[in-house]
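Heads up: the structure comes next, in structure tokens.
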Amino acid sequence: MLLGSTEVPVVDLITAVLARVAGEARRVAGGPISAVALTHPAAWAHTRRQVLVEAATRAGIAPAAMVAEPVAAADSFLSVSGDAVPVGGCVVVYDLGAGTFDASVVRRTPGGFDVVAAEGLNQAGGLDIDAAIVAYLGATNAGRDGGAFARLLNPTS
């Protein structure tokens with residue numbers, strides 16, 4: 001990753017973020033953290049997950065578990081919905097992030113959930129949707145008061 005003209009290894013950036021998160025977690029908990037689970041996109045291969053594990057280890061928070069994001073979301077859903085998904089049943093999980101959209105199908109097993117299918121779209125996240133809405137509103141309202149709309153796009157205060 002380039003920061004200005006300095007090349008910084010990705011693992012170092014992730015380590016810095018996780019070290020800060022771990023420090024805040026210890027502060028809020030008032031002591032050491034007994035277990036950590038790290039989530040990752042379902043499509044991440046072993047190499048990317050290993051970078052995350054290495055960064056966590058460097059940050060002093062070796063993870064107790066690595067969990068695919070749609071599995072974590074389905075587990076969370078199950079904890080608030082009771083037994084809404086029977087063993088063998090499937091759930092569709094979608095993740096509309098700032099820069100991507102991911103959709104997964106997970107199947108409940110006796111031990112939790114397994115990812116059956118996962119697909120993601122880059123350049124289809126919330127920021128892209130926001131930009132499309134703003135562009136539409138600009139084109140639709142440009143004739144009314146283009147200066148006001150321009151000030152909304154580029155505020156000076």
>> Restricting to salt bridge (Lys or Arg N to Asp or Glu O under 4.0 Å), what partner residues turn up for E119, sequence neighbours left out?
In response: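 Salt bridge (Lys or Arg N to Asp or Glu O under 4.0 Å) list for E119, sorted by chain: empty.
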Does any pair with a residue in [range] pass salt bridge (Lys or Arg N to Asp or Glu O under 4.0 Å), and if so which ones, sequence neighbours excluded?
range           : result
residues 94-113 : D83-R108
residues 19-47  : E24-R27
residues 30-57  : E54-R58

Spacing of [atom1] belonging to [X] relative to [atom2] belonging to [Y], to within rounding of 0.5 Å:
X    : Y    : atom1 : atom2 : answer
I133 : D128 : CD1   : CG    : 11.0 Å
L3   : D12  : CG    : CG    : 10.5 Å
L52  : L38  : CG    : CG    : 5.0 Å

Are [X] and [Y] grouped together when hydrophobic residues (ILVMFWY) are joined by side-chain heavy atoms under 4.5 angstrom apart?
X   : Y    : value
I61 : V28  : no
I14 : V17  : no
W44 : V116 : no

Going by side chain to side chain contact (heavy atoms under 4.5 Å, CB included), name the residues that satisfy it together with [X], two or more places apart in sequence or in a different chain.
X    : result
V53  : Q50, T57, P63, M66
L2   : E7
A124 : F101, L121

>> Between T140 (side chain only) and L137 (backbone N and O only), is there a donor and an acceptor less than 3.5 Å apart?
In response: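 Checking the backbone N and O of L137 against the side chain of T140, no donor-acceptor pair under 3.5 Å is found.
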> How is the hydrophobic cluster of V106 composed, in terms of its other members, when Ile, Leu, Val, Met, Phe, Trp and Tyr link through side-chain heavy atoms under 4.5 Å apart, directly or indirectly?
Replying inline: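 Reading the cluster by chain and number, V106 sits alongside V67, V71, F77, L78, V85, V91, V93, F113, V115.
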> How is the hydrophobic cluster of L127 composed, in terms of its other members, when Ile, Leu, Val, Met, Phe, Trp and Tyr link through side-chain heavy atoms under 4.5 Å apart, directly or indirectly?
Replying inline: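 Same cluster as L127: nobody, lone residue.
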>> Looking at every non-hydrogen atom in both residues, tell me the closest pair between T39 and A72 and how far apart they are.
In response: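 Shortest heavy-atom contact: CG2-CB, 3.8 Å.
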